[in-house]
Peer 1: 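Handing you this structure, nothing more for now.
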Amino acid sequence: MNEPLLFPPDFTFGVATAAYQVEGGIENDWSDWERAGKCKDPHARCGNSVEHWERFFDDVPLITRLGATAYRLSIEWARVEPERGRWEDEAWAGYRARLEALVKAGIRPVVTLLHFTHPKWFHVETPWHEPSSLVAWERFAKKCAELLQGLDVAVTTLNEPNVLLLGGYLGAAMPPGIADGRKAFAAMANMVRAHVIARQAILERCGPTEIGIAQNMLLFAPSRRWHPLDQALSRLADGNYNHAFLEALHTGVLRIQMPGFTAGKAVIDAAAKSTEFTGFNYYTRAHLRFSGKAPYVQFEFLDKLTRGLTDIGWEWYPEGFGQILRQLKRYDRPVWITENGLDDRTGLRRPQYLYEHWKELLLARADGVNVTSYLHWSLMDNFEWLEAWGPKFGLYRVDRKTMERQWTPACDYFREVATTRRLTAPPGTEQKPAA
Ligand code: FCB
């Protein structure tokens, strides 16, 4: 490709993190999960993480040095309400100071209210499948609205509710550790309501604000292309996992349909047209295989195109990014890439990954998908949930002994593209053939 592809002048380049994964010193449902030995390495602890809470003001220039003008970060509910009903005023003030520092540095905060983690009391006293969850949530959301008042920010109310529900309510793989379809659907409907509640609280306090969710979406494909059950599974996964929540925020109707397994419908009128943008987190393609015995679905990451999986074992598949982007036209909102990235332990593959995903993004734009923002996961290496400290998703490498943040070749490349808006291939790499 000789012609450079161009990003429009008002396109936003940014980076993303989540509180628990970077801040350090947090006690919540995940720290309990670790202590119960439920991460891949039962001894792994997030602990002081990469001390982003303490080092925040020194980390701000890391963002500006990338040429980034947006930073997606989250509020840790457990930090501000460690005991139910007791606010930690100092923590609220701490968040306010951090958000103000970003704005002052020319970085627009994209604030996530819930990025997987909860205060310890939440699942015990007011779990998502109970109506009481919304009472607790509304109090928190109103305080968040107060926190954001007067600042130019955007909001993702919920991060990947589908991952939280699949992992926490169907697979018992993350807190609250439940595997119960009925509770999962009740929790899902309440999370749709939670989005609406947070949106109302923010609009009331802050006036017009861009509000959405960050939705994880995978390109699903049948493991055996010819197999009707694998094909059916891929279609069901696409509908239920990728689109059900977004549909609910578009139409006001939440519908889960797994013929032969489960079905659910909830009408939540206030959810109709309840977003200003469609937030999309993209990482990979997943192949699905019908296994014949419970739990029937086998989930596989296959290196179909022999490009080499990313280090966490996910398929390198930028084409899926473009394909899903085109599907998002149906929601009739600007699309923000709220996460995209890879686990790259040598730090040598990220520029090429960025290049191939950005190219897909620009091709989708040329096809009429209104993508206006790209936030890379992640600003720096961090604690990767069940995988703990193995993966390295950061543009900046973090040495956890010294806590030094180290510039990588991907930082140069990110900066080059973000500041020139011209997409050219990174130096020293060839585009991989589409096999
Ligand atoms: C997403 C999560 C984010 C991070 C990336 C790798 O699903 O939202 O916190 O763990 O995966």
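Computed over heavy atoms, backbone and side chain alike; hydrogens, waters and symmetry mates excluded. Just so you know, residue 1 is the first one in the sequence shown, and it goes up from there. Atoms within each ligand, like the ligands themselves, are counted from 1 in listed order.
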Peer 1: Within less than 4.0 angstrom of ligand 1, does Val163 place any heavy atom?
Peer 2: no
Peer 1: Could you check atom 7 (O) of ligand 1 against the protein and tell me its nearest heavy-atom contact, residue, atom and distance included?
Peer 2: Glu160 OE1, 2.6 Å
Peer 1: Within the structure provided, determine whether Arg35 and Asp32 are in side-chain contact (heavy-atom separation under 4.5 Å).
Peer 2: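 The answer is yes; the side chains approach within 4.5 Å.
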Peer 1: Check for a donor-acceptor pair, side chain of Thr284 on one end and backbone N or O of Glu315 on the other, with a separation under 3.5 Å.
Peer 2: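 Checked: pair present.
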Peer 1: Considering only heavy atoms of Asn159, which atoms of ligand 1 have at least one such atom less than 4.0 Å away?
Peer 2: 8 (O)
Peer 1: Less than 4.0 angstrom from a charged side-chain N to a carboxylate O is my criterion; do Glu276 and Arg199 meet it?
Peer 2: yes
Peer 1: Considering the heavy atoms of Gln21, write down every atom of ligand 1 situated less than 4.0 Å from one of them.
Peer 2: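 Answer for ligand 1: 3 (C), 4 (C), 9 (O), 10 (O).
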Peer 1: If you look only at pairs with a residue in residues 171-198, which of them pass as a ring pair (Phe, Tyr, Trp, His ring centres under 6.0 Å), with sequence neighbours excluded?
Peer 2: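 Matches after skipping sequence neighbours: none remain.
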Peer 1: What atoms of ligand 1 come within less than 4.0 Å of a heavy atom belonging to His115?
Peer 2: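 The list of qualifying atoms is 2 (C), 3 (C), 8 (O), 9 (O).
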Peer 1: So, Glu138 and Lys142, do they make that salt bridge, N to O below 4.0 Å?
Peer 2: yes
Peer 1: Would you mind checking which non-hydrogen protein atom is closest to atom 5 (C) of ligand 1, with the distance to 0.1 Å?
Peer 2: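 Sorting protein heavy atoms by distance from atom 5 (C) of ligand 1 puts Tyr283 OH, 3.3 Å first.
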Peer 1: Mind checking whether Trp389 and Phe383 have ring centres under 6.0 Å apart?
Peer 2: yes
Peer 1: Among protein heavy atoms, which sits nearest to atom 6 (C) of ligand 1, and what does the distance come to when rounded to 0.1 Å?
Peer 2: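 Scanning the protein heavy atoms, the shortest distance from atom 6 (C) of ligand 1 goes to Glu384 OE1, 3.4 Å.
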Peer 1: Could you list which atoms of ligand 1 come closer than 4.0 Å to a heavy atom of Phe393?
Peer 2: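 By the 4.0 Å cutoff, the relevant atoms are 6 (C).
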Peer 1: Suppose we measure from atom 3 (C) of ligand 1 to each protein heavy atom; which comes out shortest, and what is that distance?
Peer 2: Glu339 OE1, 3.4 Å
Peer 1: Using the ring of Trp336 (Phe, Tyr or Trp, six-membered ring only), decide whether Arg72 places NZ or CZ under 6.0 Å from its centre and within 45 degrees of its axis.
Peer 2: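 No cation-pi geometry.
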